Protein chains: 2
Amino acid sequence: MTTGEALKKTKRQLHDSGFKLTPQREATLLVLLENEKDHLSAEEIFFFVKQKSPEIGLATVYRTLEILSDLKIVDKVSFDDGVSRYDLRKDGAKHFHHHLLCLECGNIEEIDEDLLGNVEEIVEKRFHFAVKDHRLTFHGICQQCQRKHQES
Amino acid sequence: MTTGEALKKTKRQLHDSGFKLTPQREATLLVLLENEKDHLSAEEIFFFVKQKSPEIGLATVYRTLEILSDLKIVDKVSFDDGVSRYDLRKDGAKHFHHHLLCLECGNIEEIDEDLLGNVEEIVEKRFHFAVKDHRLTFHGICQQCQRKHQES
DNA sequence: GTAATTGCAAATTCTTTGCACGGTC
DNA sequence: GACCGTGCAAAGAATTTGCAATTAC
């Protein structure tokens, strides 16, 4: 799906839920689409959106992100560092992707592979818990930082 | 391991790292041990500690939790709700336990079972990422809340 | 036209920091 | 008596809210 298509689709979702399509919301969506691989905080999103729509306020970005979160268009995630980050949902992906958080450089990488297989079924059966979604993050050292160690 | 033993062991860890064993720190540890199954926020911990040591300040609780976190005695975890929670590490547990977060009542349950099996190895090999720890949380509906739906 | 949306500033919430005082070896 | 740890209050950071002005439909 191209950025244009994704944008159009999300616009329709917004519209269908009774929200107006303001330039501010479109700019925010564009920033999210253009930085799909990153895990931007609200401040960071604000910074990028400001370059497209300099008059925008931070509160509007927060409000837009809340709507997108409610509509399940983005996922609000936290990596235990006290800041909320916003992660665009992969369209059509069965599962929320996983993350690799490097404890040294702080970089967050996404992996799309489904590592959980039938684990959700096990949880459903054994704990009588109706699974809707999951969050899986590995903490460790990324390849780049491992190399730095070998050099020294 | 009994509470007493766990307390003694943690005391030694603190001591070995050059920290003093103040009554405030001991009270905080006790609260964590007595509520091992919960996922208390700093405020909640403060509330309980205050019942043991009414003169304690919230800042001290935060400072104690930071030390315990640095010493890997507790894990700081966030469930995407904007509050940090503190989770006592199971002594001797190979893996950080997993969580079941109910989207309706907000309750968080712990599960100790190792659901990830060889997944860490896969991540190591396929992504050249040296895994140190992980966080796995399932979002869904707990048994109690499921029952409420059936009744209505 | 009118109800939703916005920007701004103020308010809240969570957490950290500065500093003078108190306790310990 | 140097030093670590504490309580308190103030500062800081992240997020939310109130409100008058503006805008999309």
Side-chain angles (χ1 to χ4, degrees), chain A residues 7-8 10-31 39-71 74-87 106, chain B residues 10-11 13-29 31 39-71 74-87 106:
Chain A
L7 190 60
K8 213 177 278 181
T10 309
K11 277 183 172 182
R12 191 163 45 242
Q13 278 180 271
L14 274 175
H15 211 192
D16 291 350
S17 304
F19 293 107
K20 288 181 180 168
L21 305 173
T22 67
Q24 290 91 333
R25 285 176 185 166
E26 181 163 345
T28 305
L29 268 170
L30 255 173
V31 166
H39 300 79
L40 304 178
S41 65
E43 291 274 1
E44 288 165 341
I45 293 166
F46 176 57
F47 175 81
F48 286 124
V49 174
K50 231 175 154 45
Q51 297 177 0
K52 295 180 198 292
S53 318
E55 75 295 346
I56 203 174
L58 178 56
T60 300
V61 171
Y62 271 107
R63 284 187 279 231
T64 301
L65 290 170
E66 202 192 339
I67 292 172
L68 295 177
S69 211
D70 288 347
L71 295 182
V74 302
D75 284 299
K76 191 176 176 182
V77 288
S78 162
F79 294 98
D80 306 330
D81 63 346
V83 201
S84 290
R85 298 175 182 281
Y86 297 86
D87 208 346
Chain B
T10 310
K11 276 185 176 180
Q13 278 180 271
L14 274 175
H15 215 189
D16 290 350
S17 304
F19 294 107
K20 288 182 181 164
L21 307 173
T22 66
Q24 290 92 334
R25 285 176 186 167
E26 183 164 342
T28 305
L29 266 170
V31 166
H39 300 79
L40 304 178
S41 66
E43 292 274 1
E44 288 164 343
I45 293 166
F46 177 56
F47 175 81
F48 287 124
V49 175
K50 231 173 153 47
Q51 298 176 0
K52 296 180 198 293
S53 318
E55 74 296 345
I56 203 174
L58 178 56
T60 300
V61 171
Y62 271 107
R63 284 187 278 231
T64 301
L65 290 170
E66 202 193 338
I67 292 172
L68 295 177
S69 211
D70 287 348
L71 295 182
V74 302
D75 284 299
K76 192 177 176 183
V77 289
S78 162
F79 295 98
D80 305 331
D81 63 347
V83 203
S84 290
R85 298 175 182 280
Y86 298 86
D87 208 347

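All values reported here derive from a predicted model rather than from experimental measurement. Lettering of chains follows the sequences in order, A, B, ..., and the numbering in each one begins at 1.
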Atom-pair distance (CZ on B:Phe46; C1' on C:dT16), nearest Å: 15 Å
Any A:Thr60 side-chain nitrogen or oxygen under 4.0 Å from OP1 or OP2 of C:dT6: no
Under the side-chain hydrogen bond (donor to acceptor under 3.5 Å, both in side chains) test, residues paired with A:Asp80 that sit two or more places apart: B:Arg135
Audit row: B:Ile67, B:Arg25, side chain to side chain contact (heavy atoms under 4.5 Å, CB included) steps and yes/no: CA-CA 10 Å; B:Ile67 292 172; B:Arg25 285 176 186 167; 3.6 Å; yes
Net bend of the helix from C:dG1-D:dC25 to C:dC25-D:dG1, end axes of five pairs each, nearest 10 degrees: 30°
Length of the line joining B:Leu58:CG and C:dT15:C1', which is rounded to integer Å: 8 Å
Short side-chain N/O contact from B:Gln24 to OP1 or OP2 of D:dG7, under 4.0 Å: yes
Short side-chain N/O contact to D:dT6 OP1/OP2 from B:Thr22, under 4.0 Å: yes
Whole angstrom value for the distance that separates C1' of D:dA14 from CD of A:Glu66: 14 Å
Partners meeting side-chain hydrogen bond (donor to acceptor under 3.5 Å, both in side chains) with B:Gln24 (sequence neighbours left out): none
Touch class at under 4.0 angstrom, heavy-atom based, for B:Ser41 against every strand present: nothing
Atom pair CZ/CG of B:Phe46 and B:Leu40 - distance to nearest 0.5 Å: 14.0 Å
Any A:Tyr62 side-chain nitrogen or oxygen under 4.0 Å from OP1 or OP2 of D:dT16: no
Result of checking A:Leu7, A:Thr64, A:Val49 against A:Leu29 for side chain to side chain contact (heavy atoms under 4.5 Å, CB included): A:Leu7
Short side-chain N/O contact to C:dT6 OP1/OP2 from A:Arg25, under 4.0 Å: yes
Distance in angstrom units between A:Phe19 CZ and C:dT6 C1', rounded: 15 Å
Shortest non-hydrogen contact from B:Ser17 toward B:Leu71: OG-CD2, 3.4 Å
Spacing of A:Lys50 atom NZ relative to C:dG7 atom C1', expressed in whole Å: 10 Å
Integer-rounded Å distance: C:dT13 C1' and B:Asp81 CG: 12 Å
Gap separating the OG atom of A:Ser84 from the CZ atom of A:Phe79, nearest 0.5 angstrom: 10.5 Å
Sugar-phosphate, base or nothing in reach of A:Glu55, heavy atoms under 4.0 Å: sugar-phosphate
Interatomic spacing from NZ in A:Lys50 to CD in A:Glu55 - rounded to 0.5 Å: 8.0 Å
Derivation of the salt bridge (charged side-chain N to carboxylate O under 4.0 Å, His left out) call for A:Arg85 and A:Glu44: CA-CA 9 Å; A:Arg85 298 175 182 281; A:Glu44 288 165 341; 3.7 Å; yes
Test side-chain hydrogen bond (donor to acceptor under 3.5 Å, both in side chains) applied to A:Ser78 - qualifying residues, sequence neighbours left out: B:Ser78
Side-chain ion pair, B:Lys11 and B:Glu26, N-O less than 4.0 Å: yes
For nucleotides 23-25 of chain C, tabulate all protein N/O to nucleotide N/O atom pairs closer than 3.5 Å, reporting atom names and distance.
none

Distance, rounded to the nearest Å, where A:Arg85 contributes CZ and D:dA13 contributes C1': 14 Å
I'd like a list of close polar pairs between nucleotides 18-20 of chain C and the protein, N/O only, cut-off under 3.5 Å.
{"unit_1": "C:dG18", "atom_1": "O6", "unit_2": "B:Arg63", "atom_2": "NH1", "d": "3.3"}

B:Ser84 vs C:dC14: side-chain N/O to OP1/OP2 distance below 4.0 Å: no
Gap separating the OG1 atom of B:Thr10 from the CG atom of B:Leu68, nearest 0.5 angstrom: 8.0 Å
Value in whole Å for how far the C1' atom of C:dT15 lies from CD1 of B:Ile67: 16 Å
